[in-house]
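Here the structure is a predicted model, which means the values were calculated and not measured. For the numbers below, each heavy atom of this structure counts, side chains included, while hydrogens, waters and symmetry mates do not. Each ligand, and each atom within it, is numbered from 1 in the order the structure gives.
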Amino acid sequence: MGDFVNIFKIDDNSLNIANYYVRHNMLVAFPTETVYGLGCNALSDDAVKRVYAAKGRPIDNPLIVHLPMDADYSRYVYDNDLSLSLRKAFLPGPLTMVYKSKGVVSPLVSCGLDTLAIRVPSHKGAQRFLKYVDLPIAAPSANVSKHVSPVTAMHVYEDFGDKLPMILDGGRCDGGIESTVLDVTGDVPVILRKGLITAEMIKSVVGACQYAVDGDALNKRSPGTRYRHYCPKVPSTLFGADEVQKAVEYYGELKNSDKNPVILCTTEVAENLKGLNVIDLGNTGAVMANRLYAALRESENYDHLIGIRFVVEDEIALGVENRFLKAFG
Ligand code: TXA
Ligand code: MG
C-alpha cells in the first residue's frame, strides 16, 4: 500500500499484529458489510476510552460489541427466544440487537445503561478478525465524530491518518449504511436505528416490529440518534423532491459567483441534469445505501453540495433517507 504504512490487507500476518494491538488496548479499524468499524477490546476501560477520545465522540453515546459467528451470547447478555429467532434468520448480517447486559464488558461501552448492543457482522474479513482476536470488540463507525461514515480503508485513513496503528483493508463495504439497531428487551422488537434489515423482514420472522418514536424516550434508549451525523465538510443546501428546478437555479447562482457546486440526486433526476456536476445516488434503496457515504465524501471535492430529496419507495430507502437528511443537518 505504498505510503500508507498503517493500511494492511487481511492475512495471518496482519491478524497476528492486530491481535497484539487489541490485546494491548490499542485501536484497530476493520471492515464490515455495512461500514468500517474502529475496534477495541470491550473488556478494557482504557481501550474503550481511547475509542471515544480518537473519534471525539460524546461519552453518552454507547458502542456496539462485535462478536464472531459462533460466540456465546449468554456470557455477555440475558438471551431470549425473540432474539434467537432473529439471529437464526439474519445473522451474521447487518442487525444489531440490544439486550439486558450482564455487566461483563467495560461499563463505558454502554455509557452506564443496563443494556448492551451486540452485532455479528457477515463480512469475511470481519469474521476472520473477530475469530482470531477472540475478544468482544467494541466498535463505532471508524470516522471522526459527526463526519461521514467510512466505506473504504482510505476513508478511515482520511479521518485518522497515522494516528491509528492499524487499518485492516477488506475492500469497499457493500451494505453502505450502518446496521439496524433493534431493542429486543421487550415482547415486541423495537427499531432504534433503521438499516438494511427492515421492519417488514423482522415482522416476517417474529410477527411484530415497531419503530421507536422520535423524542425523549428514543433519546434515552438510543442516545446516538440525538447527535448530528454523517456531515460532509462542505456547505450544503437541501431541496425537496419537487424542487428540481429551484435546485438547478441555485446551482446556476453559485456558478455565477465562481463557486464549484455539485448536485446529489437519484438517477432519475440526474438524467435530466446533463452538463452539470452531479453525483448519482442510484434509484433503489439498496443501491442508494451502497453509494451514499462515498457520494457524501466525494462531495467534499466541490465547494457546495446541493441535495435533492427523493421519494421513499422501499423500506431500505427509509434508512437511507434518515442518513441523507442528517447529512444536511
Ligand atoms: O453497522 C454498524 O452498526 C457499524 C459497524 C462498524 O458495525 N457500527 C456503528 O456504530 O454504526 P456507531 O457507534 O456509529 O453506532 C452505534 C449505534 C448508536 O446509534 C448507539 O446509540 C446505538 O448503536 N447503541 C449502542 N449501544 C446501545 C444500547 N445499549 N442501547 C441502545 N442503543 C445503543
Ligand atoms: Mg457512527
For ligand 1, note which part of L192 has a heavy atom under 4.0 Å away: side chain, backbone, both or neither.
side chain
Atoms listed for the Mg ion (ligand 2) (protein only, N, O or S, under 2.8 Å, no waters) are S141 OG
Looking at T96, T185, V181, V35, the heavy atom closest to atom 23 (O) of ligand 1 belongs to V181
Within the structure provided, determine whether L86 and L182 are in side-chain contact (heavy-atom separation under 4.5 Å).
yes
With a 3.5 Å cut-off and no angle check, do the side chains of S101 and T115 form a donor-acceptor pair?
no
side-chain contact (heavy atoms from CB on, under 4.5 Å) for S14 and L168? Distances and angles first, verdict last.
CA-CA 8 Å; S14 61; L168 291 171; 3.9 Å; yes
Less than 3.5 Å between some nitrogen or oxygen of T115 and one of ligand 1, yes or no?
yes
Ring centroid separation Y230 to Y293 under 6.0 Å
yes
All pairs passing salt bridge (Lys or Arg N to Asp or Glu O under 4.0 Å) where residues 15-39 contributes a residue, at least two apart:
E33-R119
Should you measure from each heavy atom of L63, which atoms of ligand 1 turn up under 4.0 Å away?
25 (C), 26 (N)
Can you list everything that forms a ring-ring contact (aromatic ring centres under 6.0 Å, His included) with F324? Sequence neighbours excluded, please.
F310, F328
Under 4.0 Å to a heavy atom of V98 - the qualifying atoms of ligand 1, by number:
30 (N), 31 (C)
Between atom CZ of R57 and atom CG of L38, what is the distance when rounded to the nearest 0.5 Å?
10.0 Å
Side chain or backbone, does T34 bring an N or O within less than 3.5 Å of an N or O on ligand 1?
yes
Are the aromatic ring centres of F30 and H66 under 6.0 angstrom apart?
yes
From the options M97, R57, E178, R193, select the one whose nearest heavy atom is closest to atom 13 (O) of ligand 1.
R57
Show which atoms of ligand 1 fall inside a sub-4.0 Å distance from at least one heavy-atom site of G37.
6 (C)
Give the numbers and elements of all ligand 1 atoms closer than 4.0 Å to a heavy atom of P140.
10 (O), 12 (P), 13 (O)
So, for V205 and S85, which heavy atoms are closest and what is the spacing to 0.1 Å?
CG1-O, 3.9 Å
Is the Y250 ring parallel, tilted or perpendicular to the H304 ring (thresholds 30°, 60°)?
perpendicular
Numbered atoms and elements of ligand 1 in range of H66, under 4.0 angstrom, heavy atoms
5 (C), 6 (C), 7 (O)
Side-chain contact, heavy-atom cut-off 4.5 Å: I191 with V181?
no
With sequence neighbours excluded, give me every side chain to side chain donor-acceptor pair (under 3.5 Å) pair touching residues 261-276.
T267-D280
Using heavy-atom distances only, which candidate in S145, A117, S179 approaches atom 2 (C) of ligand 1 most closely?
S179
Residue N61 vicinity, atoms of ligand 1 by number, heavy atom under 4.0 Å:
18 (C), 20 (C), 21 (O)
